[in-house]
Amino acid sequence: MSSRAWWVELWRLLGVTLPAGLLGFAVGAPGWLLAAALLLLLGWHARQAARLLQWLRVGAKSNRAPLLGGLWGEYVEDIERRQEWSRQRRDRLEGMLERFQRTAEALPDGAVVLGPNHEIEWANRAARRLLGIDSTGDQGTRIQNLLRDPRVFSYLHTEDRGDDDSVDIPSPMNPRIELNVRVIPYGEGQHLLMARDVSNLRRLETVRRDFVANVSHELRTPLTVIRGYAESCTDEELPESVQDGIAAISRQAARMQAIVEDLLTLSRLELDPVDPDAAEWVAVADLLPGMVRDAQSLSVERGHELTLEADAAIGLRATATELNSAFGNLINNAVQHTPAGTAIRVVWARERGGAVLRVEDDGEGIAPEHLPRITERFYRADPGRSRASGGTGLGLALVKHAVARNGGRLEIDSEPGEGAVFACHFPSERVIDFGDFDAESAPAGDGAVADQCRLRGASAEQGADAGGRAQELGNQESGSNRRREQDP
Amino acid sequence: MTERQSPFGRHISTQYDEELEAIRQKLLAMGGLVERQLDEGLQALLRGDSDLGEAMVRRDVDVNAMEVDIDEQCTRIIARRQPAAGDLRIILGMLKSITDLERVGDEACKLGKAVIEPSVEPPLDRAIAQGVQRLGRHVQQMLHDALDAFARLDTEAALRIAREESRVDEEYDALTRQFVTYIMEDPRTIQRVLGMMWSGRALERIADHARNLCEYVVYVAEGQDIRHQSLDAARAALEAGSQGARAE
């Protein structure tokens, strides 16, 4: 095409210069006539260029395109074609954008696009209903000025929010609606604020928790009565079959009681708000020997080998009762769910970024498909076994909640056939290193820390040979247990 | 998207804008805190939850601290920038607003205090509680909308909300009459009903402060002082003012 235009221009040049040259020869002044012809041609080109420029300046509208010849006409056509192409592209993009916006509009959750200073750039319909933000009227207003709840303010000004972090506030439009608000950063300084109506979810959760708590509470008294009567029915004159039956009633009632107690503990862990004042410095190394002893007595004749390695120099800021129930359950869990003779190691040690309590065993391990669900209530990896071993099915759920309430997290690692490791990791802000403390430099008034510093020598010693001693103590305990069983 | 001209964004010195916007943000954060105080005070009162009441009364120092902080920043900006016209109105409007917000905080505390004081009285009568709850919700909504109007400098909304105040007054009067019938029927309820009456009074005062906030919004946005005027007169004055401006 361009070559055709080139030929047209060449012919035009020839068509002007050739006659002019010939005529010039005829009149005897070829140079002048040639110059005049070229001047004319140059003038024509300049005129065409000027018209093209003028057309471009007024916006290059296709209905006002100038009729230009030769190469200049090609220019006009080319520009028009490009314009047509970009108009189509723009339409397509606009259509896409509109579809996109319509999709975002239709979202049931409130979505607000925020700029670098949290100023509102765009909001969908649900944002108007849930947050009272008007997409057009409120553009440029900072979101904190409309969502004034102090919780949102501190949430927005927290650096370094985790991925799951969000804040629950009542909707500014209707205090009965509970909103879950989270802000997701993206792009350059952009943020997306999502507000989800979670009132129904919260209501359901509350109903469920209340239900479990109430049912457990209501079951407690009848169970105590049943168990009490069953245990007092030990008349030796009764036929053997009846005695067996009563023993079974007593055993099962005890089991149900254990379940009810666990359920109550669990619902308390769930329902009670975390009270930061209840946390104190706990010398974990002092707690563990007792738990190991209890677990050993639970093992009775199955002969688990329990060893304890506890670093007495590390303390944890936590609620002591909750730690007791978490760690105790974890160790008992290891005893209950491993075959006889399994070696179980309990380790309390420093790790990078905090401290960890590990309970390791060399038992059968846990199949990978059970791992994600094992902390659910009443989840049984092996339907037959754990009931026989006397678990309530709530132990790990308790551990998970209790550990989480004290700032930690439970991690379970296992390969079938290679044992399992249950680890409670605690972050460094919860951990204190008594080793860094001298009794003098301990803050005045913090009696617990000073006390524990004084205790350090004793408990370190205890930690060092705790394995052997725990073993010993455990054996004693199981021995006495056996004696008790023999004594009617 | 269209750029909206914010009344706070028309200075060549962007730092000045930043300072003004920062103060406004603080003011609205204070408003948010006060809103929450009112909410918790009301909840504590209606549920008879003395722990919640105590917690919210303790938080009043935060409200006071914010008032002092904003006051100081406003003073500083006046001294340093010597604002005129619209900027001066914004700063003066904010200075007046924090006083009202602080008072709202104090009134909200009265609700919380009403449950802390040791009382051996039987729990509230349902009908009384419902009356106070209705009034409380109305006042909460009014305060919320007034702060929204401040955030948007929305004169229309401000005038509409200011009108609500008389409705709150009517509601309060109705509640008072209801309380009087209770007292007449059974004088033993006097103490309890009086306690509720004071809480209702506190709520009615909060509505007054919310109306003041609305008046400051009009003052900041339009430069018209509509205090101590009937709202119809205020609207007429505003319309005349804007028409005058158009004629010029």
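What you see is a predicted model; the values in this text were computed from it and never measured. All chains are named by letter (A, B, ...) in the order of the sequence lines, taking the proteins before the strands, and each is independently numbered beginning at 1.
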Problem - A:R151 bridged to B:E35 by N-O distance under 4.0 Å - result: no
Handout entry: B:G32 versus A:P150, closest heavy-atom pair with distance
Key = O-CD, 3.6 Å
Practice task
Evaluate the side-chain proximity of A:I169 to B:R36: yes if any heavy-atom separation is below 4.5 Å, no if none is.
Solution key: no
Problem - Over 12 foreign heavy atoms within 6.0 Å of CZ, A:R82 - result: no
Handout entry: Check: B:R152 side chain, A:L146 main-chain N or O, donor-acceptor pair, under 3.5 Å
Key = no
Exercise for the section: Can you tell which part of A:I133 gets under 4.5 Å to a heavy atom of chain B, answering side chain, backbone, both or neither? Expected result: backbone
Problem - A:R196 atom CZ, over 12 foreign heavy atoms within 6.0 Å - result: no
Practice task
Using a cut-off of under 4.5 Å on heavy-atom pairs, state which of B:L27, B:D145, B:L28 scores highest against chain A.
Solution key: B:L28
Fill in the blank from the handout: Residue set satisfying ring pair (Phe, Tyr, Trp, His ring centres under 6.0 Å) with B:Y219, at least two apart, ordered chain then number -> none
Exercise for the section: Decide if atom OH of A:Y186 counts as having more than 12 heavy atoms of other residues, nucleotides or ligands within a radius under 6.0 Å. Expected result: yes
Fill in the blank from the handout: Nearest heavy-atom contact between B:Q25 and A:Q144 is NE2-NE2, 2.8 Å
Problem - B:R103 atom CZ, neighbour heavy-atom count above 12 within 6.0 Å - result: no
Handout entry: Within residues 102-111 of chain A or reaching into it, pairs that qualify as side chain to side chain donor-acceptor pair (under 3.5 Å) - sequence neighbours excluded
Key = A:E98-A:R102
Fill in the blank from the handout: Taken to the nearest 0.5 Å, the spacing of A:D134 CG from B:D148 CG works out to 11.0 Å
Practice task
Output the distance between atom CZ (A:F153) and atom CE (B:M30), rounded to the nearest 0.5 Å.
Solution key: 13.0 Å
Handout entry: Heavy atoms of other groups near A:E205 CD, more than 12 under 6.0 Å
Key = yes
Problem - Toward chain A, the part of B:L147 with a non-hydrogen atom under 4.5 Å - result: both
Problem - Worked verdict on B:H144 versus A:R148 for side chain to side chain contact (heavy atoms under 4.5 Å, CB included) - result: CA-CA 9 Å; B:H144 177 85; A:R148 288 179 297 265; 3.5 Å; yes
Practice task
Mark yes when over 12 heavy atoms from residues, nucleotides or ligands other than A:R430 sit less than 6.0 Å from its CZ; otherwise mark no.
Solution key: yes
